[in-house]
Amino acid sequence: MKTLGPALNDDAVASPWEKHAAQWNHIGPPLRPCPQDLQFVQTEVNDVARVRNRVEALLLGVTVELTGISWPANCSLTAVDSSRSMLIQRWRAPAGIKSAALQGLWQQLPVPRESLDLVLADGSLSAMPNVRGLTGVLRELAAVLSPGGRIVTRLFIRQETEPTPGEVIDAMGRGEYGNFHVFKFRLLMALHNSPTEGVLLNTVYQTVCDAIPDRAAVARKLGWPLESINTIDAYKNVSGRYFFPCLAQFRELMGGDLRELDCLVPTYEMGERCPTLVLSCK
């Protein structure tokens, strides 16, 4: 693993990623990709590799499921993450191809302009705190893509109309959600009440604590692993935000730099909120 330039310090107040790195095995779908999502990615990787002699690929983050797909021999992969903890604890080099992991910012990628054939991201864009941050990353991706290059990104999107936090909590109590992460995901969306600013993670933490004062009792009642519920502690006192656009809003934010080639919607629980978009430069 390589580190780019001066270290970017993890800030436990601003970011949950240091804690996420330590408890990642307890994070589940839909926050982690499912087999159907990986098949979408595999198809696109294979398509790009068939038509190009060499494929320079970039991964936003260190999603182990993506590094673990079947990489064609003519690919090389660079992963970029701002969190040193995620890089150290979660980076798994893909088998059979050249790869590197760099610490850096997605708004200022450590790669030359128009040098990439493929960019992969799994929910990564939601880590931007607001519209401005998301737009900045999209512009940077368009700048580093070579002509005809592709972006394959799984989005986390809100619906035009969301239930209230109280309705989400009531549904959780009735056992309507398959796991804690589905509940947390729905609550994130319900608390996201601005079209331009993301949801404050400490607010989500406090809401979960109020809704689940006895975690062990809820774990027994709903059959959820207690370790899964405890992953919410990564949001405690975190001033950072996650931004979830509606799909129509995301398409507007692509502006004139990118065009949509495909929108692939999985069939698992909450799959309608986790489409994989395939994008290319205009």
Side-chain angles (χ1 to χ4, degrees), residues 16-17 19-20 23-24 26-34 36-37 63 121-130 134 153-236 238 240-250 263-277:
W17 292 106
K19 292 180 181 179
H20 271 328
Q23 64 183 16
W24 196 247
H26 300 301
I27 302 292
L31 299 180
R32 291 178 70 168
C34 296
Q36 195 174 10
D37 303 311
T63 307
D122 188 79
S124 310
L125 299 179
S126 291
M128 296 299 102
N130 48 38
L134 175 55
T153 177
R154 188 165 70 110
L155 301 179
F156 295 152
I157 59 170
R158 290 183 294 128
Q159 302 296 301
E160 297 292 342
T161 302
E162 289 287 343
T164 66
E167 289 170 337
V168 172
I169 293 168
D170 289 345
M172 180 271 294
R174 294 192 296 269
E176 294 183 9
Y177 304 139
N179 60 53
F180 172 74
H181 303 294
V182 169
F183 165 62
K184 180 175 70 175
F185 201 4
R186 289 192 176 275
L187 195 58
L188 279 160
M189 302 293 183
L191 290 166
H192 194 300
N193 54 16
S194 169
T196 58
E197 295 293 326
V199 58
L200 185 66
L201 297 187
N202 188 58
T203 299
V204 181
Y205 169 78
Q206 294 293 343
T207 304
V208 170
C209 288
D210 292 342
I212 308 179
D214 188 339
R215 297 182 185 182
V218 169
R220 290 192 298 270
K221 175 184 176 182
L222 300 179
W224 293 349
L226 182 58
E227 297 84 356
S228 176
I229 299 176
N230 287 340
T231 61
I232 194 61
D233 291 337
Y235 291 0
K236 184 178 181 180
V238 173
R241 295 174 181 268
Y242 286 165
F243 180 67
F244 304 101
C246 298
L247 184 55
Q249 183 183 18
F250 181 84
C263 179
L264 307 163
V265 181
T267 57
Y268 52 74
E269 185 177 9
M270 290 196 74
E272 74 282 358
R273 296 168 182 264
C274 308
T276 292
L277 263 63

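Predicted, not measured: the structure shown is a model, and the values here were computed from it. Sequence positions, counted from 1, serve as the residue numbers for this chain.
- Residue pairs meeting the salt bridge (Lys or Arg N to Asp or Glu O under 4.0 Å) criterion with at least one partner in residues 163-181, sequence neighbours excluded, are Arg174-Glu176.
- Atoms OG1 and CD, from Thr196 and Gln249 in turn, are 8.5 Å apart once rounded to the nearest 0.5 Å.
- Using a 4.5 Å heavy-atom cutoff, the side chains of Leu188 and Tyr235 are in contact.
- In this structure the side chain of Thr207 reaches within 4.5 angstrom of the side chain of Ile169, judged on heavy atoms.
- Side-chain atoms of Thr153 do not come within 3.5 Å of backbone N or O of Leu155 as any donor-acceptor pair.
- The distance from atom NZ of Lys236 to atom CD1 of Ile232, rounded to the nearest 0.5 Å, is 12.0 Å.
- At least one donor-acceptor pair closer than 3.5 Å links the side chain of Lys221 to the backbone N or O of Gly173.
- Here salt bridge (Lys or Arg N to Asp or Glu O under 4.0 Å) pairs that include residues 208-219, with residues two or more places apart or in two chains, are Arg215-Asp233.
- Rounded to the nearest 0.5 Å, atoms CG (Leu191) and CD (Glu162) are 10.0 Å apart.
- The aromatic rings of Phe156 and Phe244 sit tilted relative to each other, their planes meeting at an angle between 30° and 60°.
- Side-chain atoms of Glu269 come within 3.5 Å of backbone atoms of Gly178 as a donor-acceptor pair (strictly under, hydrogens ignored).
- Using a 4.5 Å heavy-atom cutoff, the side chains of Phe250 and Ile157 are not in contact.
- You'll find the side chain of Arg154 reaches within 4.5 Å of the side chain of Pro33, heavy atoms only.
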Side chain to side chain contact (heavy atoms under 4.5 Å, CB included) assessment of Gln159 paired with Glu272: CA-CA 9 Å; Gln159 302 296 301; Glu272 74 282 358; 4.2 Å; yes
CA sep, side-chain torsions, deciding dist, call: Phe183, Ile212, side chain to side chain contact (heavy atoms under 4.5 Å, CB included): CA-CA 11 Å; Phe183 165 62; Ile212 308 179; 4.0 Å; yes
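- Aromatic ring pairs are classed by plane angle as parallel below 30°, tilted from 30° to 60° and perpendicular above 60°; the pair His192 and Phe243 is tilted.
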